[in-house]
**Student:** 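Sending over a structure as structure tokens; questions will come in a sec.
A note on names: the letters A, B, ... follow the listed sequences, proteins ahead of strands, and every chain is numbered from 1. Given the structure is predicted, the values throughout are model-derived calculations rather than measurements.
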Number of protein chains: 2
Amino acid sequence: MSKHAKEMGVLKEHLGKHQLKFTRQRELILDAFLKQEHITAEEMYHQLARKDPHLGLATIYRTLNLFCEAGLAQARHFGTQTQYDNISHKGHHDHLICTGCGKIVEFENCDIERLQEEVASRNGFTIQTHRLELYGLCSHCRH
Amino acid sequence: MSKHAKEMGVLKEHLGKHQLKFTRQRELILDAFLKQEHITAEEMYHQLARKDPHLGLATIYRTLNLFCEAGLAQARHFGTQTQYDNISHKGHHDHLICTGCGKIVEFENCDIERLQEEVASRNGFTIQTHRLELYGLCSHCRH
DNA sequence: TTGAAATTGATAAACCGTCTCAAAAATGAT
DNA sequence: ATCATTTTTGAGACGGTTTATCAATTTCAA
């Protein structure tokens, strides 16, 4: 039994519902994806180059977008690139980013999330996803 | 006295500190920028084409990025383009974005901001700025 | 006014992500 | 297992956005 049986099941169910096929590449990419918090297509391309030198970048983009549709991943624009967050394993998280050294700290805060829901419903919105980034100086860079 | 004297002052101070020069183009772009909540470089290019047909797109990009460094603007990646938000005029605000029709609602929430400070200090960070975007469906698109 | 330094405009180039399409692989039926 | 159908893949072309280049122009302090 695979390490990622549950997520593999989610993927297969999505594939089944949409007349899509289960392929070696999709399995390979899902396995690699689930080991990360978040990753870019480019990073994954280099990581997987050793396992399968012929795996194309387009396939990685297509597959990561597929994961988003299947509810396994979430795309997030960060800098100029798109980060694909692994939401199946640890749930959603937000980011604290040091403008001095670039350090990134992940956090979760239920109270903030609850207030977000409040703001949304007050404006008639139903939240699908969100993005919260706090920029500042870490204790090291402040001195 | 110009309508945007305060922000012009902020810009001039930043220019002075960094051995940069005050130019006709920078003044023109700042005036146009401060009239907007948020704008893309391309939109501004077309807006200003009438006032100065020779103003180059590269200059607009350079200048909007300069405003970010001066603390007058904040860049935000939305879809494939970059939105430059005017943060000097109305203070910081966050966004509710409809994934159906693209409608953007601005909001402010002191409670959320307070909790952000809490999270940051718990991690030894001092916040300089932040970005919060809630994506979902507006009441119109939900039906 | 003069001269050093920064800025501009035009365009080339870089970059990210998507599209195209022929070849290959997966699935369901026989 | 084989076949026929449909989807997927890989490689590179492509499109849109942003940055880099560089000669000519402008700013600004002396």
Side-chain angles (χ1 to χ4, degrees), chain A residues 8 11-33 38-70 73-85, chain B residues 8 11-30 32-33 38-70 73-85 102:
Chain A
M8 208 61 84
L11 176 60
K12 282 187 177 170
E13 190 177 326
H14 179 85
L15 295 175
K17 275 188 190 160
H18 295 80
Q19 286 131 302
L20 304 175
K21 294 174 177 175
F22 186 74
T23 65
R24 184 180 60 76
Q25 288 88 339
R26 284 172 177 169
E27 182 174 17
L28 184 67
I29 293 171
L30 182 58
D31 259 332
F33 176 69
H38 40 73
I39 193 167
T40 65
E42 196 75 33
E43 282 165 6
M44 178 161 288
Y45 182 63
H46 288 120
Q47 267 189 33
L48 292 179
R50 282 178 309 162
K51 288 201 171 182
D52 181 352
H54 292 292
L55 187 60
L57 188 54
T59 299
I60 296 187
Y61 274 108
R62 280 187 292 237
T63 305
L64 289 173
N65 287 333
L66 173 70
F67 293 171
C68 290
E69 282 156 28
Q74 188 173 92
R76 176 171 52 92
H77 297 282
F78 189 62
T80 70
Q81 286 188 284
T82 300
Q83 290 279 344
Y84 290 86
D85 291 355
Chain B
M8 208 62 85
L11 176 60
K12 282 186 176 169
E13 189 176 326
H14 178 85
L15 296 175
K17 274 188 190 160
H18 295 82
Q19 284 132 302
L20 304 175
K21 293 175 176 173
F22 186 73
T23 66
R24 185 180 60 76
Q25 288 89 340
R26 285 174 177 166
E27 182 175 16
L28 184 67
I29 294 171
L30 181 57
F33 176 68
H38 40 73
I39 194 167
T40 65
E42 196 73 34
E43 281 165 6
M44 178 160 289
Y45 181 62
H46 288 118
Q47 267 190 32
L48 291 180
R50 283 178 308 160
K51 288 200 173 185
D52 181 353
H54 293 292
L55 187 59
L57 187 54
T59 300
I60 295 187
Y61 274 106
R62 282 186 292 235
T63 306
L64 289 173
N65 287 332
L66 173 71
F67 292 171
C68 289
E69 283 155 28
Q74 189 172 87
R76 177 169 50 92
H77 298 280
F78 187 62
T80 68
Q81 285 189 282
T82 301
Q83 291 277 345
Y84 290 87
D85 292 355

**Student:** What is the distance from NZ of A:K12 to C1' of C:dT27, rounded to the nearest Å?
**Tutor:**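 Answer to the nearest Å: 13 Å.
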**Student:** A:H77: which residues meet the ring-ring contact (aromatic ring centres under 6.0 Å, His included) condition with it, sequence neighbours left out?
**Tutor:** none
**Student:** Suppose we screen for side-chain hydrogen bond (donor to acceptor under 3.5 Å, both in side chains). Which residues come up paired with B:Q47, at least two apart in sequence or across chains?
**Tutor:**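 Once residues adjacent in sequence are excluded, the partners of B:Q47 under the side-chain hydrogen bond (donor to acceptor under 3.5 Å, both in side chains) criterion are B:Q36.
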**Student:** Under the rule for ring-ring contact (aromatic ring centres under 6.0 Å, His included), what residues qualify as partners of A:H54, not counting sequence neighbours?
**Tutor:**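 Here no residue qualifies.
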**Student:** So, does B:Y61 get its side chain near the phosphate of D:dT18, meaning an N or O under 4.0 Å from OP1 or OP2?
**Tutor:**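 Checking D:dT18 against B:Y61, a side-chain N or O does come within under 4.0 Å of OP1 or OP2.
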**Student:** Listed by chain and number, what are the side-chain hydrogen bond (donor to acceptor under 3.5 Å, both in side chains) partners of B:Q25, not counting sequence neighbours?
**Tutor:** none
**Student:** For A:Y84, give me all partners under ring-ring contact (aromatic ring centres under 6.0 Å, His included), at least two apart in sequence or on another chain.
**Tutor:**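 In terms of ring-ring contact (aromatic ring centres under 6.0 Å, His included), with neighbours along the sequence ignored, A:Y84 is linked to no residue.
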**Student:** Once each nucleotide of nucleotides 6-13 of chain C is scored for protein heavy atoms under 4.0 Å, what B/S/- sequence comes out, 5' to 3'?
**Tutor:** SSBBBB--
**Student:** Between protein and nucleotides 13-16 of chain D, what N or O pairs are separated by less than 3.5 Å?
**Tutor:**
none

**Student:** Let me spell it out: for each of B:F22 and B:T40, pick the nucleotide of DNA chain D with the closest heavy atom. Which residue's pick is nearer the 5' end?
**Tutor:**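 The 5'-side residue here is B:T40.
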**Student:** Using five base pairs at each end, measure the axis-to-axis angle across the helix from C:dT1-D:dA30 to C:dT30-D:dA1 and round it to 10 degrees.
**Tutor:**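 It comes to 40° between the two terminal axes.
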**Student:** Please report the closest heavy-atom contact between B:A41 and B:L57, naming both atoms and the distance.
**Tutor:** O-CD1, 4.0 Å
**Student:** What is the separation between atom CZ on A:F67 and atom P on D:dT8, rounded to the nearest whole Å?
**Tutor:** 13 Å
**Student:** Check ring-ring contact (aromatic ring centres under 6.0 Å, His included) between A:H18 and all other residues, then give those that pass, not counting sequence neighbours.
**Tutor:** A:H14
**Student:** I need the CD1-C1' distance between A:I29 and D:dG10, as an integer number of Å.
**Tutor:**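 Going from A:I29 (CD1) to D:dG10 (C1'), I get 12 Å.
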**Student:** List the residues meeting side-chain hydrogen bond (donor to acceptor under 3.5 Å, both in side chains) with A:T23, not counting sequence neighbours, and say none if there are none.
**Tutor:** none
**Student:** side-chain contact (heavy atoms from CB on, under 4.5 Å), that's the test. Do A:I29 and A:F67 meet it? Break it down for me.
**Tutor:** CA-CA 10 Å; A:I29 293 171; A:F67 293 171; 3.9 Å; yes
**Student:** How long is the line joining CG of B:L28 and P of D:dT27, in whole Å?
**Tutor:**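 After rounding, the gap between these two atoms is 13 Å.
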**Student:** To the nearest Å, how far apart are B:I60 CD1 and D:dT19 P?
**Tutor:**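 The answer, rounded to whole Å, is 13 Å.
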**Student:** The criterion is side-chain hydrogen bond (donor to acceptor under 3.5 Å, both in side chains); which residues satisfy it with B:T40, sequence neighbours excluded?
**Tutor:**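 Checked B:T40 against side-chain hydrogen bond (donor to acceptor under 3.5 Å, both in side chains); zero matches.
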**Student:** Show every salt bridge (Lys or Arg N to Asp or Glu O under 4.0 Å) that has at least one partner inside residues 16-28 of chain A, sequence neighbours left out.
**Tutor:** A:E13-A:K17, A:R24-A:D52
**Student:** Nearest whole angstrom, please: distance from the P of D:dT18 to the CD of B:E43.
**Tutor:**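 Distance check: B:E43 CD to D:dT18 P gives 11 Å.
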**Student:** Please check the phosphate of D:dT19 (OP1 and OP2 only) for any side-chain N or O of B:N65 closer than 4.0 Å.
**Tutor:**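 For D:dT19, OP1/OP2 do have a side-chain N/O of B:N65 under 4.0 Å.
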